Amino acid sequence: MNDCAGYREWISRLQDRRLDAPERDRLSDHLAACPDCRRAVEEIEAADTLLRRVEPLDLPPGFDDQVMSRLKEPARGVSGSQVSLIALAAALLVAVGVYIAHRQHEENRIVAEIQAQLGVVKPFMNSISALPDPLPNEDLEWTRVEATALNLHDRIQAIKSQPLGRLKEGAEVARFVRQAETLLTTLSTGDGHRIRTEARHPDLRALQFTTATPNPAIDLTFPRNTAQSVRDLVIGHISLSRGDYGTAVEKLTAAARASNPAPKARYWLAEAHQNRGEVSKALGAYAGCLQFEQTRWLALQAIKTMGTKHEVYVNRTPAAKFDIELFAGSTSDVTLLYRPASEATWTLIGSPDTECIKTFGTFYHAETPGFTFNTSDGVGTVEFKVHELKSSLPEYQWVVLKKQEPMQVVLEPVVTVPRSR
Amino acid sequence: MPDDGVDDSLMGRLARGESEALREIIHRHGSALLNFIRQITGNHAAAEDLAQEAFVRVFRHAGRYVPGGGFRAWLYTIGRHLALNHSRDRSQERGNRPAGPSFEPAPDGGERVELQASIDRAIAAVPEPFRSPLVMCILHGLSYEEAALASGCSVKTLSSRLARGRERFREVIAPYLATGAAIPLEKR
């Protein structure tokens, strides 16, 4: 670490006694030679002292009585921002239902066998089957979704407490439990991009496909007049759920290009790209979801998440700019995927409202240090200088993320780097 | 307030439907949570309402709480979500301007010294996601681990955000430290 900015986190951790001995020694050496950082230590200590002098306000009289009286009220309606979370929650829960429906044959057999011994699986399955369908509209009460989620949680706990391992079907049920837990986690963290999403198209309900083999073939029987885009959509979605992301991308790309694409085509396409590690393509597909009000929040979350992982590829030019526009108030991590052999310097220029948390003086191959940028006005520019490069770099493109208007993102490749020979 | 197992015990009672246990939880954590939400939203009146809602959710979700000494992180998670949702809704009402506390004065503003008001404004000048770690760790004494849990991020990220929050707070408060001048409200 050659620059002061890199030591500022250590100075912060020093205040909280979170540095280990080698770090303390290195920081001490740096402080001995750096008056700016010494002043920073003094000012941060003073600022901390000041902060700790904040006098907390006491609870107003009757606060607890007011809380207790609110316990008797029905749960509150939701705000505009929560409405979208509800849509997410509902979509997640419906996703469980869809998954269950797909495997109905197997589950029925499992449930029948295990129910007699456990007495808890059936209610668990019932709780999933009772999920809202079709996808609830925005006036669905949060409590309804949440109550279902809580019920799911309780059932999971009950199932986990049973000796499922001794049953032949234990692994199968455990897999359901893991999936449900994942969905609950997703529900609680709001990670929209991890949504398995729902399949509501009526044609999907008529599907017949086999799951008997470890690598099941998709055997679909569509109604005769099913549109090609719907066939693509359905096959793409099933491929996605089975981890065949190549087929998923192919089919969902076709579905998304239809004249009247299904709302979820781009969303599933984004997920397929994401699972293939194609972050930029995933981001573009997520951005395309924004025309649908119900997935607006989901897509925004996804873009925020995806957008924080900017892939920056080194080309053979000794200096280049990487332009990045962020959502106002957002934070973005930038990771340099192919680092130069010796040194690369990042310099933040442009908007004064964009701040670079870390500035690294040197990159090496072994590590993947990340930058975090924060912006309050949504614009920032990073100048990227490379002094020396590896001799063999694959072909990559520079990608510029541009925000056209709130919640719309376009990807624009601006430079194609020739493959080294 | 240190978690000496009392919180887990109270939550156990709450999960069994003993709603009166909530009064004890409010007695233990109510002031801290109210202040935390106020410091994140900058709105005293809203903070009181949000803090009440937080405790209602503690009651309703008591069955989800997993004992193990993490009550404070759990409580601050609820409080932080409510506060940030409130700030986000407010910012959307303002036309998607970046969320930030406006810091309406507390009802007892007349008695508060200018130092307190200046600190409030300096905290308000620290943007999210750096403000929450600053408030949780420095003002409320949460550990990095607790604050990371409440923020839904890794300890490493939390540490980085806290450092950035400290830097920003230092920059804003520095003139005050140097001259004793009052910190003006941010232009918005």
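Being a predicted model, the structure only gives us computed values, none of them experimental. Order of the sequence lines fixes the chain letters, A, B, ..., with proteins taken first and strands second; residue numbering starts at 1 for each chain.
A/Arg17 CZ: 12 or fewer foreign heavy atoms inside a 6.0 Å radius.
By the 4.5 Å heavy-atom criterion applied to side chains, B/Cys137 and A/Asp16 are not counted as neighbours. Counting only heavy atoms from C-beta outward, the side chains of A/Asp64 and B/His27 never approach each other to under 4.5 Å. Side chains of A/Leu59 and B/Glu48 form no contact here, defined as non-hydrogen atoms less than 4.5 Å apart.
Rounding to the nearest 0.5 Å places CZ of B/Arg170 at 13.0 Å from CG of A/Leu51. Note that the CG atom of A/Asp48 and the CD1 atom of B/Ile138 stand 4.5 Å from one another [nearest 0.5 Å]. In this structure, B/Gln52 CD and A/Ser69 OG are separated by 7.5 Å, a value rounded to the nearest 0.5 Å. Separation of atoms CZ (B/Arg166) and CD (A/Glu43) is listed at 14.0 Å; rounding is to 0.5 Å.
Neither the backbone nor the side chain of B/Val58 comes within contact range of chain A; no heavy atoms are under 4.5 Å apart. Heavy-atom distances place the side chain of B/Leu134, and not its backbone, under 4.5 Å from chain A. Of the two parts of B/Ala54, neither the backbone nor the side chain holds a non-hydrogen atom closer than 4.5 Å to a non-hydrogen atom of chain A. Neither the backbone nor the side chain of B/Phe36 comes within contact range of chain A; no heavy atoms are under 4.5 Å apart.
When all heavy atoms of B/Val56 and A/Leu71 are compared, the closest pair comes out as CA-CD2, 4.0 Å. Across B/Arg60 and A/Arg70, no two heavy atoms sit closer than the pair NH2-O, 3.7 Å. A pairwise comparison of heavy atoms in B/Leu34 and A/Asp58 identifies CD2-O, 4.2 Å as the closest pair.
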In sequence, state the C-alpha distance, the side-chain angles, and the governing distance for B/Arg164 and A/Arg8, and then conclude on side-chain contact (heavy atoms from CB on, under 4.5 Å). CA-CA 8 Å; B/Arg164 195 66 199 93; A/Arg8 291 302 160 86; over 6 Å; no

Determine, stepwise, if the pair B/Leu162 / A/Glu9 fulfils side-chain contact (heavy atoms from CB on, under 4.5 Å). CA-CA 8 Å; B/Leu162 175 58; A/Glu9 184 181 340; over 6 Å; no

